[in-house]
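To keep things clear, I will list the structure first and then write my remarks on it.
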Amino acid sequence: MQVYRNDKIVVRYDPKICIHAGDCVRGLPAVFDVGKKPWIDVDGASPERIAEQVKKCPSGALSCELLE
């Protein structure tokens with residue numbers, strides 16, 4: 001499990017179950033960019049927008065938690 005975080009959101013990625021559909025990259029390229037390291041930039045959009053995109057992950061490889 002890979003974990004990416006800031007003080008507002010935690011995004012988790014499980015590469016073992018990812019089907020590489022690309023919905024994350026196409027839907028929010030400022031956050032999800034496989035050409036960069038790290039490939040998830042939790043500062044690339046609002047936490048709410050990131051959470052909205054994560055929910056669209058068809059395999060469930062992405063999950064997130066909004067922090068208070």
To the closest 0.5 Å, what do you measure between [atom1] ([X]) and [atom2] ([Y])?
X     : Y     : atom1 : atom2 : result
Leu62 : Lys55 : CG    : NZ    : 13.5 Å
Ile17 : Cys57 : CD1   : SG    : 7.0 Å
Glu52 : Cys64 : CD    : SG    : 10.5 Å

message: Whether the side chain of Arg5 engages the backbone of Val42 through a donor-acceptor N/O pair (distance < 3.5 Å, no angle test) should be reported.
response: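 Looks like no, no N/O pair under 3.5 Å.
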For [X] against [Y], the heavy-atom pair lying closest together:
X     : Y     : answer
Gly27 : Arg49 : O-NH2, 3.3 Å
Pro47 : Lys8  : CG-CB, 3.6 Å
Pro58 : Ile19 : CG-CD1, 4.1 Å
Ala51 : Ile9  : N-CD1, 4.2 Å
Ser59 : Cys18 : OG-CA, 3.7 Å
Lys56 : Asp23 : O-OD2, 3.7 Å

query: In a check of side-chain contact (heavy atoms from CB on, under 4.5 Å) between Ile40 and each of Asp33, Val34, Val11, Val54, which one passes?
result: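 Among Asp33, Val34, Val11, Val54, the one meeting side-chain contact (heavy atoms from CB on, under 4.5 Å) with Ile40 is Val11.
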message: So that I can tick it off, tell me whether Arg12 and Glu65 are bridged by a salt bridge, with the cut-off set at under 4.0 angstrom between side-chain N and carboxylate O.
response: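 Result for this pair is yes, salt bridge flagged.
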message: Ring-plane angle category for Trp39 and Phe32, please: parallel below 30°, perpendicular beyond 60°, tilted otherwise.
response: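 If you compare the ring of Trp39 with that of Phe32, the planes turn out tilted.
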message: What I'd like to find out is whether the side chain of Val10 reaches to under 4.5 Å of the side chain of Leu67, using heavy atoms alone.
response: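 Yes, side chains in contact.
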